[in-house]
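Following: one structure in structure tokens, then a few remarks.
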Amino acid sequence: MEQIKELIARKIKLLLPNTDIDIASAIELPADSKLGDLAVPCFKFSKALRKAPPAIAAELKAGLETENFEFIDRIEAVGGYLNFFVRPDYFISILKLILDAGADFGKSNIGVNKVVVIDYSSPNIAKRFHIGHLGTTIIGNSLKKLHSFCGYKCIGINYLGDWGTQFGKVIAAYKLWSSEEKLAERGMDELVDLYVRFTKESEENEELHELAKNEFRKLEQYDEESTSLWKKFKAISLSEYEKTYKLLGIEFDSYNGESFYNDKMQTAIDELKVKNLLELDNGAYIVRLDEFKLPVVLILKSDGSTIYATRDIAAAIWRQNEYKFDKALYVTSAGQSLHFTQVFKVLELMGYEWAGRLVHVPYGTYSIGGEKIASRTGNVVLLDDLFKDAIEHAAAVIENKNPELENKAEVAEAVGVGAVVFNSLLNNRIKDVNFDWEEALSFEGNTGPYVQYTYARTASILRKNESEAEDTDSCDYTPNAEEIALIKCLSDFPNKVIQAINTYEPSVITRFALELCWAFNLFYHNNNILKSEIDCRQFRLQLAKAVNTTLGNTLNLIGLRETEVI
Ligand code: ARG
């Protein structure tokens with residue numbers, strides 16, 4: 001469809017030489033095929049041309065009809081719209097293009113020779129991986145896949161929260177109430193309990209604050225005992241997180257967390273001084289952003305310690321030197337928007353032209369069954385538990401649906417995890433997400449299981465007719481309305497990929513997956529693939545093949561597993 005769109009846009013441009021309207025992007029693909037396969041809303045030109053839309057539509061129709069486009073059946077001017085009806089057999093050639101591209105269909109080269117750094121997941125060590133980090137983990141993963149799909153070199157960074165005063169607390173708590181044995185036995189549970197107890201007790205005990213500060217200072221000075229404890233806490237945390245990453249099929253290219261920048265901050269601070277951006281304020285060093293109506297950024301506290309923003313400034317500079325990125329994305333909850341606005345502004349004031357290529361990608365909050373998730377207090381929903389629950393729920397649904405299935409455990413894992421991921425990526429990322437198990441795991445709704453099940457259905461059709469499905473020769477057949485709708489939907493995939501990248505929205509792909517499944521299932525229910533005549537059967541198998549490949553890519557781009565059987 002893209003080619004037709006461009007051709008029509010070019011021809012219209014010739015008929016409207018004195019406008020600078022972007023015609024190609026004005027062309028619509030009507031959902032109702034009675035309104036044509038492509039439509040030009042002429043009201044978009046009426047201001048520039050000082051004419052009523054119906055008059056423009058009629059003039060364009062007259063001008064274009066002399067063109068005799070081989071793939072256009074007819075053109076209609078209705079109201080202010082100019083509607084183009086494509087010849088049904090043209091869709092066969094679109095399908096052929098899709099099949100010829102195979103697994104590459106949808107890819108583009110917009111990212112060739114470009115580097116994108118994606119900072120995502122980034123949990124805070126010595127704390128459990130909780131639902132607050134689900135969004136960043138799966139949105140980041142999907143953005144990484146989308147960019148790779150379009151040729152970008154991607155660097156996925158897990159910027160572990162492995163530095164900060166909270167480690168002073170954990171070390172102090174460990175020294176007060178724990179031991180090597182307890183830690184070895186209880187691992188992460190011990191660390192979490194220590195932190196919670198310390199936070200609680202320090203509410204009433206001032207001395208504990210001092211103790212924690214002192215411990216953190218020792219850590220900052222590379223005290224041997226503190227460093228070795230900190231390393232141990234980090235290793236315990238990482239091995240916990242790895243389980244979740246494995247479940248989600250996520251791998252990072254770098255685990256350079258906050259601590260990695262300890263020895264890189266001084267240079268950034270010196271640079272801020274030299275560039276006259278730093279101001280002494282009650283013993284602390286700050287950067288003022290009043291001019292930009294932004295709050296002050298604290299760079300160095302009065303006790304000489306650095307903070308989150310200082311590390312992010314140093315990290316951005318290091319990453320640009322190391323990776324020479326074209327774009328750097330930071331995926332975090334919307335709660336950190338101000339932080340990133342400030343950090344990006346400081347880098348801009350430092351004179352870095354690449355500061356304009358730093359992008360914060362925020363997302364909303366999560367709740368389960370309508371209940372907001374509390375954080376900080378230790379009373380949080382852990383990702384481990386969430387996925388365990390999801391897999392159990394999925395196992396029950398599958399047991400019910402297909403008790404004979406061989407690899408039930410594996411499928412339950414793919415479907416359970418997929419249901420959570422799909423549900424989280426279903427709407428625009430800034431919207432809040434709610435999990436309702438019944439809804440998320442239904443095989444009939446707008447869900448991961450529905451998409452995975454449709455994928456498995458296409459896989460099964462192809463398995464049963466392997467040799468015929470491989471045939472990509474054009475066949476002598478005129479597709480019906482459902483088949484045309486399906487091809488149209490497929491042909492929109494490359495656009496959707498670009499749109500998802502441009503808006504940093506995996507939800508464009510989840511919604512595309514649903515549309516493709518609706519179109520396929522409608523076709524599948526109303527048309528018998530195997531009992532049809534040879535040319536028609538061949539065409540339908542080819543169509544199933546194109547859906548299988550595209551849906552497989554779609555699942556992959558949002559981080560769901562491709563399930564051959566369910
Ligand atoms: N560790 C932080 C948190 O859990 C997220 C880090 C985001 N990335 C960054 N470069 N600041 O809130």
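Start at 1 and go down the list; that is how both ligands and their atoms are numbered.
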Please list every donor-acceptor pair under 3.5 Å in which a side-chain atom of residues 286-298 meets a protein atom from a residue at least two apart or in another chain.
from, atom 1, to, atom 2, distance (Å)
R288, NE, E279, OE1, 3.3
R288, NE, E279, OE2, 2.8
R288, NH2, E279, OE2, 3.1

Check your understanding: Restricting to pairs with a member in residues 134-144, which pass side chain to side chain donor-acceptor pair (under 3.5 Å), not counting sequence neighbours?
Key -> S121-T137, K144-D253
**Study point:** salt_bridge(D119, R319) N-O dist < 4.0 Å
**Key:** yes
Which N/O atoms of ligand 1 sit under 3.5 Å from a protein N/O, and at what distances?
from, atom 1, to, atom 2, distance (Å)
ligand 1, 1 (N), S122, O, 2.9
ligand 1, 1 (N), N124, OD1, 2.7
ligand 1, 4 (O), N124, OD1, 3.4
ligand 1, 4 (O), N124, ND2, 3.1
ligand 1, 4 (O), H133, NE2, 2.7
ligand 1, 8 (N), D119, OD1, 3.1
ligand 1, 10 (N), D119, OD2, 2.8
ligand 1, 10 (N), D312, OD1, 2.8
ligand 1, 11 (N), Y308, OH, 2.7
ligand 1, 11 (N), D312, OD2, 2.7
ligand 1, 12 (O), Q336, NE2, 2.8

**Study point:** Under 3.5 Å: donor-acceptor pair, side chain of K264, backbone of F260
**Key:** yes
Point to revise | Salt-bridge contact R128-D189 (side-chain N to carboxylate O under 4.0 Å) | key: yes
Study note, to complete from the structure: Those residues at least two apart in sequence (or on a different chain) that pass side-chain hydrogen bond (donor to acceptor under 3.5 Å, both in side chains) with H133 are none
